[in-house]
Amino acid sequence: MRNLSCVLLILALAVTGCTKNSGKQAKPVNTGAPGEFINNEFVFSGERKAVEEYLTKNGITAKFELLDKQDQFYLVKYQGEQSLKKVMTDLSAVTETIESNKIIRPLSSMRKAEWPTDKLFFKQWALNNIGQSAPFGLPGVRGADMDILKVWDKVTKGSDKIIVAVIDTGCDYTHPDLKANIWVNEKESEANGGIGGKDDDGNGYVDDVYGYDFVSTDKTAARPGAPGDPDPMDEGGHGTHCAGSIGASTNDGQGIAGLNHKVKLMCIRFLGDNGGTSVDAFRAVRYARENGAHIMSNSWGGTDD
């Protein structure tokens, strides 16, 4: 048992990168951040008396628990406002090893925390490629992806303060994997007191609750000189696909994962059954600009410059 405890201790110290006292002022590698740890707790090996003298000198009340008598390995829990990092840095000069009391989790739970619950996320190889088969039978290539799990963990999961205009065939704003992230023009919404048939917000577009439809053909003008109507419901599917890639609800147990967990998707339609025109595209872009879009998704093009 003694040998086993020594082996376990050595492994624990090797993994967490403890600091050894070499006669000079040592700098502990693990001082409590980054990562998860229990504040005001640390473990050390070495002379208890030297640690007690430091704590008493600095007015720190502490409790010691002897974890291993052979190696003089202690857990210390202290009370006070002194930062864990400072305490450990100071004590590194009088201890053999010292580190914070870290929080450890099973790998399975760590995987769940990183991997969203969306049922089709596994098929989204462009976001996280672990070698799964790509479309059309192409072999998967591990790591050929956006590293989206790292982005979500270290950078951002998106923001509902950002409005992305999806300028396309419209989008299905009732879709169960989209509706939570759909932009709503609050002043035009009847749920918020808007009046049907009236330009409640004065932006020149009547009843544009989720965006606008600028398809010129076969439409009744909703305002003088402006073809189209206020309903940007997708009739082709492409815009909904784009909207899902940008901001499908994530961790909701269904569908796919959007690049942004939170975002506001402004639905703008200018592509009909036979495509659209450059003038309709202009109207769509202008609407997005005038109504607060920060980013515009334009997944379309023609044959001319």
Under 3.5 Å, side chain of [X] to main-chain N/O of [Y], donor-acceptor pair present?
{"X": "Asn203", "Y": "Tyr205", "result": "yes"}
{"X": "Trp300", "Y": "Gly275", "result": "no"}
{"X": "Glu186", "Y": "Asn192", "result": "no"}
{"X": "Asp234", "Y": "Gly236", "result": "yes"}
{"X": "Asp252", "Y": "Asp177", "result": "no"}
{"X": "Gln70", "Y": "Asp68", "result": "no"}
{"X": "Gln124", "Y": "Ile256", "result": "no"}
{"X": "Glu188", "Y": "Asp200", "result": "yes"}
{"X": "Asn251", "Y": "Thr117", "result": "yes"}

In Å, rounded to the nearest 0.5 Å, how long is the span from [atom1] of [X] to [atom2] of [Y]?
{"X": "Met266", "Y": "His294", "atom1": "CE", "atom2": "NE2", "result": "9.5 Å"}
{"X": "Asn40", "Y": "Glu81", "atom1": "CG", "atom2": "CD", "result": "8.0 Å"}
{"X": "Leu67", "Y": "Leu75", "atom1": "CG", "atom2": "CG", "result": "5.5 Å"}
{"X": "Phe44", "Y": "Leu91", "atom1": "CZ", "atom2": "CG", "result": "8.0 Å"}
{"X": "Asp207", "Y": "Ser189", "atom1": "CG", "atom2": "OG", "result": "10.0 Å"}
{"X": "Arg286", "Y": "Tyr212", "atom1": "CZ", "atom2": "OH", "result": "11.5 Å"}

Residue list, ring-ring contact (aromatic ring centres under 6.0 Å, His included) with Phe121, at least two apart or on another chain: Trp115
Shortest non-hydrogen contact between [X] and [Y], atoms and distance:
{"X": "Leu271", "Y": "Gly276", "answer": "CD2-N, 3.6 Å"}
{"X": "Ala288", "Y": "Met296", "answer": "CB-CE, 3.9 Å"}
{"X": "Ala62", "Y": "Val76", "answer": "CB-CG1, 3.9 Å"}
{"X": "Ser45", "Y": "Thr97", "answer": "OG-OG1, 2.5 Å"}
{"X": "Ala257", "Y": "Asp118", "answer": "CB-OD1, 3.8 Å"}

Does the side chain of [X] reach to within under 4.5 Å of the side chain of [Y], using non-hydrogen atoms?
{"X": "Val51", "Y": "Phe64", "value": "yes"}
{"X": "Tyr287", "Y": "Ile268", "value": "yes"}
{"X": "Asn260", "Y": "Asn181", "value": "no"}

Ignoring hydrogens and angles, write down the donor-acceptor pairs under 3.5 Å from the side chains of residues 149-159, residues two or more places apart or on other chains.
| from | atom 1 | to | atom 2 | distance (Å) |
| --- | --- | --- | --- | --- |
| Trp152 | NE1 | Leu259 | O | 2.9 |
| Thr156 | OG1 | Gly158 | N | 2.9 |
| Lys157 | NZ | Trp152 | O | 3.1 |
| Ser159 | OG | Lys161 | N | 3.0 |

Please tell me whether [X] and [Y] are part of a single hydrophobic cluster in this structure, the criterion being side-chain heavy atoms less than 4.5 Å apart.
{"X": "Leu84", "Y": "Ile98", "result": "yes"}
{"X": "Met88", "Y": "Tyr78", "result": "yes"}
{"X": "Leu138", "Y": "Leu127", "result": "no"}
{"X": "Phe122", "Y": "Met146", "result": "yes"}

Answer yes or no: does atom [atom1] of [X] have more than 12 heavy-atom neighbours from other residues, nucleotides or ligands under 6.0 Å?
{"X": "Asn274", "atom1": "CG", "value": "no"}
{"X": "Glu47", "atom1": "CD", "value": "no"}
{"X": "His261", "atom1": "NE2", "value": "yes"}

Cystine candidate Cys171-Cys267, SG separation under 2.5 Å: yes
Evaluation steps, side-chain contact (heavy atoms from CB on, under 4.5 Å), between Ile60 and Gln82: CA-CA 8 Å; Ile60 301 174; Gln82 293 86 345; 3.4 Å; yes
Set of side-chain hydrogen bond (donor to acceptor under 3.5 Å, both in side chains) partners for Asp172, sequence neighbours left out: Thr174
Pair Glu235 + Arg269, salt bridge at N-O below 4.0 Å: yes
All side-chain contact (heavy atoms from CB on, under 4.5 Å) counterparts of Ser133, not counting sequence neighbours: none
Donor on one side chain, acceptor on other, Asn185 and Asn291, under 3.5 Å: no
Qualifying salt bridge (charged side-chain N to carboxylate O under 4.0 Å, His left out) pairs with a residue from residues 49-58, counting only residues at least two apart or across chains: Arg48-Glu52
Val279 vs Phe214, side-chain contact (heavy atoms from CB on, under 4.5 Å): CA-CA, chis, key distance, verdict: CA-CA 9 Å; Val279 171; Phe214 290 95; over 6 Å; no
Side-chain hydrophobic cluster, 4.5 Å single linkage: members besides Tyr210: Ile162, Val164, Val166, Tyr173, Leu178, Ile182, Val184, Val209, Met233, Ile246, Val263, Leu265, Ile295
Test log, rule side-chain contact (heavy atoms from CB on, under 4.5 Å), inputs Asp168 and Ser299: CA-CA 7 Å; Asp168 211 285; Ser299 180; 3.9 Å; yes
